[in-house]
Amino acid sequence: MKASVVICGAGIVGMASALALARGGCHDVVLLGPAPRAVSTDHNTYHPRVYAISGSSQQFLQSIGVWSLLDMSRVTRVEAMEVRGDQFGALYLRAWQAAQPQLSWIIEAGEIERVLSQALKVYGLTWLEDTLDQYQNQTGVTQAGKTLTADLWVAADGANSALRQLAGLPYDSQPYDAVGVVAHLTCEHPHQGVAFQWFRPEGVLALLPMPDTTAGHQVSMVWSLKTAHADVLLGLPPERQADELAGSLAPATRARLGQLTLRGPLNGFALTLGQSPMIGPGVALVGDAAHRVHPLAGQGLNLGLGDAQALVRVVSQREPFLSAGDPLVLRRYRRERAQAILEIRLVTDGLKRLFDVTLPPIPWIRNAGLSLVDRLPLVKRLLIEGASRSA
Ligand SMILES: Cc1cc2nc3c(=O)[nH]c(=O)nc-3n(C[C@H](O)[C@H](O)[C@H](O)COP(=O)(O)OP(=O)(O)OC[C@H]3O[C@@H](n4cnc5c(N)ncnc54)[C@H](O)[C@@H]3O)c2cc1C
């Protein structure tokens, strides 16, 4: 089979790239990858992964026609952020302080996947529910033995990208020796659209606002714990996990949302800082296949959607005599993404390292820094605008 573009990986970034290309008039696109699993539409059951979606990602999803397909009763607006240091430091960011209606939206992975796959079916795009097994010089062979040739191959197949490896592209991966432990919790007090974050000695803890359930108010937890600590927690039987977690969350959150109760399974994701060259001969990398960042700023998927948007723009706007995989087109893509990726990488990695230092006076300085920023309206406005716009 011959196509202009093959997108390898049907995660959120791969599906969004395929849909944006199809909507831009490029119908000669093949999406290669297993389709996402069907999700529950029950209002007491939520997909285990949720994402903070930035303003620019929201605009992109709107531009490809899927934002209006989301079930808005499952989407939560983040109207404010409360960030606390490991001592006295505290920073409050409220959307209205920069005349914004919200900072971001919290959406389940399954809900975004649902609307993207629905839209792709409407567009009738060729979707091979198979995986890439072999690849050389813009020709790939799938697990089921199908041969595909394309001018441009897009690696959207995640952090362990098969296409990136088969194409021989390097990947610099630095493990954080930490695991992002995620779970949904019932909380005693309403979250009021606030996203909470604590920079704790054992790791960064975030509670993201979610829709209420019949059990009460709901938040989604992301706690980046040292691998050894996370392994102990994840290895406990479910009933002991709930007790252990409730016991550690009460002091960590200073009971800010009252009692917190585990309402589903705990999941763990090993955290790494990763970077690829973004392009290779006839290959462009997008999403986690291209880079990975610490989740403390909730920007990994937003970066991936920014990649998809930029790639589709340079491919659609290329000169008629250039193929989609021409080195000139690919270099434009890499150039467009360089700054956003570097910024998010530096900010997330820098913050993570700053809060890892225990040697005085660094802990005092970082807490004083948070509280100082809290007293500077102009800096706060810039931070709020940045948070609602990135990546
Ligand atoms: C704890 C945690 C919290 C996070 N929170 C946020 C957040 O709030 N906001 C945010 O923006 N980001 C967040 N992220 C980052 C986000 O999870 C990732 O950046 C995002 O999921 C990457 O999407 P992707 O489509 O690039 O890759 P993936 O979701 O990994 O998708 C890859 C796809 O490729 C397919 N595939 C794999 N191998 C092959 C093959 N050989 N052939 C074909 N297909 C293949 C897979 O089946 C899959 O569908 C968080 C990450 C973690 C760990």
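Bear in mind that the values here come from a model prediction, so they are computed numbers and not experimental data. Counting convention: from 1, in listed order, for ligands and their atoms alike.
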**Prompt:** W223 vs H229 aromatic rings, parallel, tilted or perpendicular, using cut-offs 30° and 60°?
**Reply:** tilted

**Asked** Does the protein put any heavy atom within less than 4.0 Å of atom 49 (O) of ligand 1?
**Response** yes

**Message:** Please list the nearest protein heavy atom to atom 37 (C) of ligand 1 with its residue and the distance rounded to 0.1 Å.
**Reply:** D157 O, 3.5 Å

**Identity and distance of the protein heavy atom lying nearest atom 53 (C) of ligand 1** = F269 CB, 3.7 Å

**Request:** Starting from atom 2 (C) of ligand 1, locate the nearest protein heavy atom and write down its residue, its atom name and how far away it is, to 0.1 Å.
**Result:** R49 NH2, 3.6 Å

**Asked** Between R345 and D349, is the closest basic N to carboxylate O distance under 4.0 Å?
**Response** no

**Request:** Would you check, one step at a time, whether the test side chain to side chain donor-acceptor pair (under 3.5 Å) holds for D42 with S40?
**Result:** CA-CA 5 Å; D42 170 49; S40 168; 4.8 Å; no

**Message:** With a heavy-atom distance limit of 4.0 Å, tell me whether V182 approaches ligand 1 through its side chain, its backbone, both, or neither.
**Reply:** side chain

**Request:** Please work out which of the three classes, parallel, tilted or perpendicular, describes the rings of F196 and W198, given edges at 30° and 60°.
**Result:** parallel

**Complete:** Closest to atom 6 (C) of ligand 1 among protein heavy atoms sits Y51 CD2, 3.5 Å

**Item:** For atom 28 (P) of ligand 1, the protein heavy atom that lies nearest, with its residue and separation
**Value:** G158 CA, 4.2 Å

**Request:** Check each heavy atom of A52 against ligand 1 and say whether those closer than 4.0 Å belong to the side chain, the backbone, both or neither.
**Result:** both

**Identified side chain to side chain contact (heavy atoms under 4.5 Å, CB included) counterpart of V314 within the set R337, R334, E336** = E336

**Item:** A156 contact mode with ligand 1 (heavy-atom cut-off under 4.0 Å)
**Value:** backbone

**Message:** For atom 42 (N) of ligand 1, what is the closest protein heavy atom, and at what distance to 0.1 Å?
**Reply:** L132 N, 2.9 Å

**Complete:** of all protein heavy atoms, closest to atom 31 (O) of ligand 1 is G11 CA, 3.8 Å

**Complete:** With heavy atoms and a 4.0 Å threshold, my read on which part of D288 contacts ligand 1 is both

**Protein heavy-atom partner closest to atom 4 (C) of ligand 1 - residue, atom, separation in Å** = P295 CB, 3.8 Å

